[in-house]
**Student:** 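Below is a structure I'd like to ask you about.
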Protein chains: 2
Amino acid sequence: MADHKAGSKRSYDRFCPLSLALDQVGERWTLHVVLALMSGPKRYSQLKRHLSGAGANILSDRLRGLAANHLVGRSTADSPGSEVTYHLTERGRALAPVVGSLSVWGLSLLIPAPGDDDTHTVFDQTWTPPAAAGRTGETYRWTIDDVEFELTARNGELIRTRGRATRPAVIFQTTGSTLGDIVCGQITVTDAVKQGDASLKGSKPAVRRMFATIGFPLARIDS
Amino acid sequence: MADHKAGSKRSYDRFCPLSLALDQVGERWTLHVVLALMSGPKRYSQLKRHLSGAGANILSDRLRGLAANHLVGRSTADSPGSEVTYHLTERGRALAPVVGSLSVWGLSLLIPAPGDDDTHTVFDQTWTPPAAAGRTGETYRWTIDDVEFELTARNGELIRTRGRATRPAVIFQTTGSTLGDIVCGQITVTDAVKQGDASLKGSKPAVRRMFATIGFPLARIDS
DNA sequence: CAGAATCCGAACCGATACTG
DNA sequence: CAGTATCGGTTCGGATTCTG
């Protein structure tokens, strides 16, 4: 048992708002937990699935720390089964601009700006998606601000390559600005499609697989 | 020499804007460097002074990493002396909303909201200020949104306590919203005073000592 | 199975000492 | 002044185990 008294933990120990903030949410995976909870209360196992790569002990640590700082709360339902869920408090929800602005900024690393010569954007890049999804070898065609590229899910890897995918399972098209709103949770994918800000072609299961593979929470898709 | 090839470094390795962003600015002290450079180019020694607690080693690492990701650039002036300065690139300046929203959020840890019963805001708290300033034992009276508290700099410590400081060297009064604008760099202290959004009483050297003690960069004060 | 504790190698952090 | 080299302590993250 780590002594949770101050002083043991690594702290910036500075009278500075940024330091104070990062003392509470600057550790690894902390903001990921916050983002995952932005779309509603979740259970430990749901979080663990969504935060693939985190490790059980880290998730425990982060949830404990966030609870100690009153950014998340544990709700133990009165129903019999072990129904502990974690949810953001108001202070936790107040982090929406933080995860939002970070996500919007990070978006430019996923999708290069139209006029940008992608000298400093490695394009043939691979990630390991959350679930070992995409062992089938599906490809998706994305067009963001008239920049076209393809995503391929195969062998538990997600590969982004330049160019136009042939026979993609899904065709997704939108603007960077709209995609920013989506990752910030200000709009869902289906609503963006309805408003004409995005276009999505492909079978419903394929769409679902695609967003699962790239790690979009379901709450960003619809409802 | 660390091999800068991918794989050696700890990465989130997820196709997710937040992960991509934190891969570049999620390490300790990185956003502090970015914030420090928001107010204009700086030299290594200036950064080191401003990021008290960081250590030469880490500052080097962070600057190297930020430069590798093209968030900062090194400018070596043509003048003879070693005049290397670091400045934010456009991609680096695009982080303004990130450090801004984090600072605004962290502000509530410094100053409790008016209606907030500060049950989860430890108040008798101490920090070690950047410079070993305040060995004289000065106190400052702050009033933020009608919440009054006092800051005492003594023995190389900065102590925040509830209540009204007696015979303070500086009296500072403003709103949380204005203070947020100040820490985000959207307005300087003197401009806020001019506009009537803040009030500052005390001798100029004392004011300067106060802001130095709490770690405000000079660029946030005037000009 | 959900949730959490323990162990351990590897990566990271931070202080000091050192170099040009 | 502007960094690099080194080294002990801390944190991370995977695997395993434990408890209901």
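All chains are named by letter (A, B, ...) in the order of the sequence lines, taking the proteins before the strands, and each is independently numbered beginning at 1. No hydrogens, no waters, no symmetry mates; every other heavy atom, side chains included, goes into these values.
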**Student:** Under 4.0 Å between a side-chain N or O of B/Ser60 and OP1 or OP2 of D/dT4?
**Tutor:**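 Affirmative; the distance criterion is met.
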**Student:** Under 4.5 Å between any side-chain heavy atoms of A/Leu66 and A/Gln24, yes or no?
**Tutor:**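 Sidechains of A/Gln24 and A/Leu66: no contact.
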**Student:** Hey, does the side chain of B/Arg74 come within less than 4.0 Å of D/dG3's phosphate (OP1/OP2), counting only N and O?
**Tutor:**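 Answer is yes, contact under 4.0 Å.
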**Student:** Between the base of D/dT6 and the side chain of B/Asn57, is one N or O donor paired with an acceptor at under 3.5 angstrom?
**Tutor:**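 A donor-acceptor contact between them is present.
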**Student:** From CG of A/Leu59 over to P of C/dA2, roughly how many Å is that when rounded to an integer?
**Tutor:**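 In whole Å, C/dA2 P lies 13 Å from A/Leu59 CG.
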**Student:** Could you state the NZ-C1' distance from B/Lys42 to D/dC1, rounded to the nearest angstrom?
**Tutor:**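 B/Lys42 atom NZ is separated from D/dC1 atom C1' by 18 Å.
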**Student:** The side chain of B/Trp29 is closest to which nucleotide in this list: D/dG3, C/dG14, C/dA5?
**Tutor:**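 So the side chain of B/Trp29 is nearest to C/dG14.
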**Student:** How many whole angstroms separate atom CG of B/Leu51 from atom C1' of C/dC13?
**Tutor:**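 About 15 Å, once rounded to whole Å.
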**Student:** Using OP1 and OP2 only, check whether a side-chain N or O of A/Arg62 sits under 4.0 Å from D/dC12.
**Tutor:**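 For D/dC12, OP1/OP2 do have a side-chain N/O of A/Arg62 under 4.0 Å.
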**Student:** Quick one: B/Leu63 CG to D/dC1 C1', roughly how many Å, whole number?
**Tutor:**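 My rounded result for the distance is 15 Å.
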**Student:** Should the ring pair B/Phe15 and A/Trp142 be called parallel, tilted or perpendicular, given that the plane angle runs from 0 to 90° and is split at 30 and 60?
**Tutor:**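 Rings of B/Phe15 and A/Trp142: perpendicular, over 60°.
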**Student:** Taking OP1 and OP2 of C/dG14, is either one under 4.0 Å from a side-chain nitrogen or oxygen of B/Arg28?
**Tutor:**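 Answer is yes, contact under 4.0 Å.
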**Student:** Between A/Tyr12 (side chain) and B/Trp29 (backbone), is there a donor-acceptor pair under 3.5 Å?
**Tutor:**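 Checking the backbone N and O of B/Trp29 against the side chain of A/Tyr12, a donor-acceptor pair under 3.5 Å is found.
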**Student:** Using heavy atoms to find the nearest nucleotide of DNA chain C for A/Tyr12 and A/Gln46 separately, return the residue whose nucleotide is more 5′.
**Tutor:**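 In this pair, the answer is A/Gln46.
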**Student:** When the distance from CG of B/Leu22 to P of D/dC12 is rounded to whole Å, what number comes out?
**Tutor:**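 In whole Å, D/dC12 P and B/Leu22 CG are 14 Å from each other.
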**Student:** Can you list the residues that meet the side-chain hydrogen bond (donor to acceptor under 3.5 Å, both in side chains) rule with B/Asp191, with sequence neighbours excluded?
**Tutor:**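 For B/Asp191, the residues satisfying side-chain hydrogen bond (donor to acceptor under 3.5 Å, both in side chains) (neighbours in sequence not counted) are B/Thr188.
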**Student:** For D/dT4, does either OP1 or OP2 sit under 4.0 Å from a side-chain N or O belonging to B/Tyr44?
**Tutor:**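 False: B/Tyr44 side-chain N/O out of range (4.0 Å or more) of D/dT4 OP1/OP2.
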**Student:** Using only heavy-atom distances, determine whether the side chains of A/Tyr44 and A/Gln46 contain a donor-acceptor pair under 3.5 Å.
**Tutor:**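 On atom types as modelled, these side chains do not qualify, holding no pair under 3.5 Å.
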**Student:** Provide, to the nearest angstrom, the distance between the CD1 atom belonging to B/Ile58 and the P atom belonging to D/dC7.
**Tutor:**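 The answer, rounded to whole Å, is 18 Å.
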**Student:** Can you see if the side chain of B/Ser45 gets near the phosphate of D/dC1 - specifically, an N or O under 4.0 Å from OP1 or OP2?
**Tutor:**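 For D/dC1, OP1/OP2 do not have a side-chain N/O of B/Ser45 under 4.0 Å.
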**Student:** Is A/Arg43 close enough to C/dC1 that one of its side-chain N or O atoms is under 4.0 Å from OP1 or OP2 there?
**Tutor:**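 No.
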**Student:** I need the CG-P distance between A/Asp61 and D/dC12, as an integer number of Å.
**Tutor:**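 Those two atoms, CG and P, are 8 Å apart.
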**Student:** Within this structure, what is the CG-to-C1' distance between B/Asp13 and D/dG14, rounded to whole angstrom?
**Tutor:**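 So the CG-C1' distance, B/Asp13 to D/dG14, works out to 15 Å.
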**Student:** Does a side-chain N or O of A/Arg64 approach OP1 or OP2 of C/dA5 to a distance below 4.0 Å, or not?
**Tutor:**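 Yes, A/Arg64 has a side-chain N/O under 4.0 Å of OP1/OP2 on C/dA5.
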